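Contents: one structure, followed by commentary.
On a predicted model such as this, the values are computed, not experimentally measured, just so you know.
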Amino acid sequence: MVEKDKEYWRNEAVGFLALSTVRGVGYWTLHRLAASGIGFKDFLKNSSCSDLERELRITIDKSGVDWAQYQKILWGQGLDLARDLGSSYIRLIFRDQEEFPASLKDIPDGPLWLFVQGNIQNLYEKSVAIVGTRKPSHDGLFLTKYVVAALSNLKRPTVSGLASGIDQLAHEESLRYHIPTIAVLGNGIFKDFPKGSEALRKLIVSCGGTVITEYLPNQSYSAENFVRRNRIQAALCDTLIPVEWNIKSGTAHTVEYAYKYGRKIANVFLPHTTNHRPEIPFSEESRKAVSFEVPIATTELLRYINEGELVSTSSGPDQQSLDI
């Protein structure tokens with residue numbers, strides 16, 4: 001990228017972050033501006049107070065300073081927030097930038113920007129999303145560990161949502177087998193959620209993984225955020241493995257998105273357990289999922305993930321001991 005382009009996107013990031021600090025301006029206001037094609041820097045620098053209020057649909061409290069001074073204050077706040085992100089090695093990239101992942105550009109409802117911490121290269125690789133319930137059974141825990149171990153020779157990142165239960169276990173087991181893992185957050189990147197997950201997030205980044213979110217740095221979680229987060233998990237992956245889930249659940253949204261985006265969906269189950277797994281026939285019939293009994297059909301599962309190519313099932317690298 002030429003230096004002129006770099007400078008343009010740096011200024012866009014500062015303008016975006018500056019506007020995010022204005023009282024009453026949130027994710028959806030900025031989303032509406034971005035979707036309209038308005039440049040954040042030009043909008044902030046070249047608009048009058050009344051123009052800004054009209055477009056943002058708020059009333060601005062300038063605290064007694066003139067408009068030009070208020071614009072400088074806002075820009076300074078954007079710079080401060082950009083520095084805070086930079087000090088944590090977090091990048092803000094927009095949909096029109098060259099670095100933006102193609103898999104997220106190819107979907108009709110993709111994010112318009114992304115906060116990225118860690119190795120951005122993982123976002124360009126074919127990956128396997130492993131998701132499931134926050135309250136897994138013993139079978140669900142075993143299947144998650146087994147599937148991640150089976151993936152250790154595929155050289156593909158894993159994707160999950162850092163939620164308690166299946167998601168966090170998928171990240172932890174990926175780290176154990178030296179598989180880069182991508183955590184997709186349903187909240188801002190400065191928020192520790194689920195509470196106590198910060199140590200795992202740091203380990204993901206330090207081990208070559210990636211943490212991403214479309215939400216504003218200090219934005220809290222919500223049910224809506226998590227549903228929208230699920231579309232990013234589904235879009236990033238080449239294959240989705242919903243390990244254990246209910247037909248009406250957050251994971252069901254991820255399955256639906258994967259089907260909508262044309263991603264492969266692979267169920268896994270243990271012998272003689274399908275009578276207790278209604279989500280398996282449901283996803284086979286309505287979401288084109290393919291199901292694999294493990295450990296018997298492990299080779300077939302890996303071949304399905306690897307687009308029909310034979311995959312070595314010999315032992316991989318030594319496991320990594322986790323201390324989080």
Do you know which two heavy atoms are closest between [X] and [Y], and how far apart they sit?
X    : Y    : result
K62  : V65  : O-CG2, 3.0 Å
L141 : P136 : CD2-CG, 3.4 Å
S174 : A170 : OG-O, 2.7 Å
E293 : P271 : OE2-CG, 3.3 Å
P295 : Y146 : CB-OH, 3.2 Å

Under the 3.5 angstrom rule, does the side chain of [X] hit a backbone N or O of [Y] as a donor-acceptor pair?
X    : Y    : answer
R156 : I305 : yes
D192 : S197 : yes
Q71  : L44  : yes
N246 : K248 : no
T298 : V294 : no
E55  : L52  : no

hydrophobic_cluster_shared for [Y] and [X], side chain cutoff 4.5 Å:
X    : Y    : value
F190 : I204 : yes
F292 : L143 : yes
F142 : W245 : no
F43  : L81  : yes
L302 : I130 : yes

**Q.** Matching residue for K41 among V14, N11, L19 - test: side chain to side chain contact (heavy atoms under 4.5 Å, CB included)
**A.** N11
Q.
Can you confirm whether K105 is buried at NZ, in the sense that more than 12 heavy atoms of other residues, nucleotides or ligands lie under 6.0 Å from that atom?
A. yes
For the residue pair [X] and [Y], confirm or rule out a side-chain donor-acceptor distance under 3.5 Å.
X    : Y    : value
N187 : R229 : no
T251 : S249 : no
E284 : S291 : yes
D109 : Y261 : yes
N225 : S222 : yes

Cationic N near anionic O, under 4.0 Å, [X] to [Y]:
X    : Y    : answer
D238 : R263 : no
E244 : K135 : no
R91  : E99  : yes
D51  : R54  : yes
E125 : K155 : no
D66  : K72  : no

Distance under 6.0 Å and angle within 45° of the ring axis: does [X] meet both against [Y]?
X    : Y    : answer
K264 : Y304 : yes
R287 : Y259 : yes
K45  : W75  : yes
R134 : F226 : yes

Q. Does the pair I241 and V128 meet the rule for a side chain to side chain contact (heavy atoms under 4.5 Å, CB included), with working shown?
A. CA-CA 7 Å; I241 303 179; V128 180; 3.7 Å; yes
Q: Please write out which residues are connected to Y124 in a hydrophobic cluster, directly or through intermediates, given that two of Ile, Leu, Val, Met, Phe, Trp, Tyr count as joined at side-chain heavy-atom separations below 4.5 angstrom.
A: I93, F100, L104, L114, V116, I120, L123, V159, I182, V184, I212, I232, L236
Q: Step by step, work out the side chain to side chain contact (heavy atoms under 4.5 Å, CB included) result for T181 and T210.
A: CA-CA 6 Å; T181 189; T210 318; over 6 Å; no
Q) What residue among F16, Y8, W113, W9 forms ring-ring contact (aromatic ring centres under 6.0 Å, His included) with F40? A)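 With F40 as partner, F16, Y8, W113, W9 yield a single ring-ring contact (aromatic ring centres under 6.0 Å, His included), made by F16.
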(Q) Using the rule given for side-chain hydrogen bond (donor to acceptor under 3.5 Å, both in side chains), can you reason through N122 versus S127, listing the C-alpha separation, both sets of side-chain angles and the distance that settles it, and then say yes or no? (A) CA-CA 8 Å; N122 293 325; S127 58; over 6 Å; no
Q: Measure up the H31 and Y27 rings against each other and bin them: parallel (under 30°), tilted (30 to 60°), perpendicular (over 60°).
A: tilted
[atom2] on [Y] to [atom1] on [X], rounded to 0.5 Å:
X    : Y    : atom1 : atom2 : value
D167 : T144 : CG    : OG1   : 9.0 Å
H272 : L270 : NE2   : CG    : 10.5 Å
C237 : K126 : SG    : NZ    : 12.0 Å
D80  : L17  : CG    : CG    : 10.5 Å
I60  : E53  : CD1   : CD    : 5.0 Å
Q219 : L185 : CD    : CG    : 11.5 Å

**Q.** Derivation and outcome, salt bridge (charged side-chain N to carboxylate O under 4.0 Å, His left out), residues E214 and R231
**A.** CA-CA 11 Å; E214 67 180 316; R231 83 194 195 287; 2.6 Å; yes
Q: Please report the C-alpha distance between F94 and L92 in whole Å, then the side-chain angles of each, then the deciding distance to 0.1 Å, and finally whether the side chain to side chain contact (heavy atoms under 4.5 Å, CB included) criterion is met.
A: CA-CA 7 Å; F94 295 99; L92 168 59; 3.9 Å; yes
Q: Take S220 and Y215, measure what side-chain hydrogen bond (donor to acceptor under 3.5 Å, both in side chains) needs, and give me the verdict at the end.
A: CA-CA 9 Å; S220 188; Y215 297 109; over 6 Å; no
Q: Using the side-chain hydrogen bond (donor to acceptor under 3.5 Å, both in side chains) rule, take Y177 and N153 through it: C-alpha gap first, then chi angles, then the decisive distance, then the call.
A: CA-CA 9 Å; Y177 293 101; N153 287 333; over 6 Å; no
